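Quantities reported herein were computed from a predicted structural model and do not represent experimental measurements. Just so you know, residue 1 is the first one in the sequence shown, and it goes up from there.
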Amino acid sequence: MVPAGSQPDAESQPEPEASFSEQVGAAIRGSKLGQLDPTAKPSAHALLAAMGGVRGIVESLLPGILFLILYTATRNVWIAVLVPLAVSLGFVAWRVLQRGQPMLAFAGLIGVGISAVVALITGQGEDNFLWGFIVNSVIVIVLLASMLARRPLVGVIAGALTGTPHAWRTERAKRAVAWRSTVLWLIVIGARLAFQVPMYLAADQGVAGAVELLAATKVVMGVPLYLATLWVTWLMVRTVLQQPDADTPADPERPTIR
């Protein structure tokens with residue numbers, strides 16, 4: 001009990017609980033994406049860092065490339081899915097042994113593992129891509145939900161990175177960029193589904209070469225396309241951050257003449 005007339009110890013005061021938006025912002029800043037500075041000039045080095053460096057790119061691309069090569073050469077689903085799975089396990093073990101951060105490799109391992117299990121259960125090579133369709137569909141839903149909630153996802157992320165979470169809702173120029181860049185990502189992810197799902201259906205119908213074409217399309221429309229989209233998004237965000245917002249006078253000390 002605190003004696004009357006005395007103040008409680010400051011250290012004993014519980015810290016205020018962070019709001020949901022603050023928790024989301026902290027998670028974004030703590031991720032690889034948090035290494036990007038939206039106000040800086042886009043660079044290949046920074047984009048690579050956001051993807052986990054060259055090592056992260058290899059960990060993302062190699063399983064898909066191996067599936068394409070092995071399935072084309074052997075037509076054996078077990079070999080085509082188990083070898084990439086073993087390689088993904090090796091990536092995780094390598095990071096753990098080096099006391100690195102295995103989260104990026106572990107996330108890739110989960111995707112490769114689920115895809116492999118589905119393909120092995122059905123015995124169909126095209127089913128190796130079902131998990132990717134589910135992930136992309138969820139991303140589309142999240143992007144659409146953020147727009148319906150009038151909180152475009154790119155604006156939320158950019159606000160977290162710049163420390164101005166509300167500017168992207170209240171300032172006209174920033175709000176426009178948030179909407180346009182979110183629509184850009186919606187188009188990119190939607191295009192992956194629009195191209196790949198028909199190929200999957202063709203493969204399911206036994207069309208020759210459809211599985212190989214699907215695997216090649218997934219590689220091309222994966223990391224390379226994401227890097228290009230991230231570059232364009234960065235340019236859009238940086239442009240609006242470099243100029244005064246249309247809703248805000250250039251000189252805050254000068255009164256606005258109506």
Derivation of the side chain to side chain contact (heavy atoms under 4.5 Å, CB included) call for W94 and R55: CA-CA 11 Å; W94 185 17; R55 186 175 180 178; 3.3 Å; yes

Pair L184, T229 - check side chain to side chain contact (heavy atoms under 4.5 Å, CB included), show working. CA-CA 8 Å; L184 172 64; T229 308; 3.9 Å; yes

Does L82 form a side chain to side chain contact (heavy atoms under 4.5 Å, CB included) with V77? I'd like the steps, not just the answer. CA-CA 8 Å; L82 289 181; V77 175; over 6 Å; no

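By the 4.5 Å heavy-atom criterion applied to side chains, W185 and Y226 are counted as neighbours. Between V118 and W131, the closest side-chain pair of non-hydrogen atoms is not below 4.5 Å. R169 is not listed as a side-chain neighbour of R175, based on a closest heavy-atom distance of 4.5 Å or more. Counting only heavy atoms from C-beta outward, the side chains of F195 and K218 never approach each other to under 4.5 Å.
Cation-pi geometry between R150 and W179 is not satisfied (NZ or CZ under 6.0 Å from the ring centre, within 45° of the ring normal).
For D204 (side chain) and Y200 (main-chain N/O), no donor-acceptor pair under 3.5 Å exists by modelled atom type. Under a 3.5 Å cut-off, the side chain of S146 and the backbone N or O of P152 do not form any donor-acceptor pair. Looking only at distances, no side-chain donor or acceptor of R192 sits under 3.5 Å from a matching main-chain atom of N136.
Partners of R180 by salt bridge (charged side-chain N to carboxylate O under 4.0 Å, His left out), not counting sequence neighbours: none found. The salt bridge (charged side-chain N to carboxylate O under 4.0 Å, His left out) test applied to E212 returns R75, not counting sequence neighbours.
No continuous path of hydrophobic side-chain contacts links L68 to I57 [ILVMFWY only; heavy atoms under 4.5 Å].
With values rounded to the nearest 0.5 angstrom, S115 atom OG is found 11.5 Å from I110 atom CD1.
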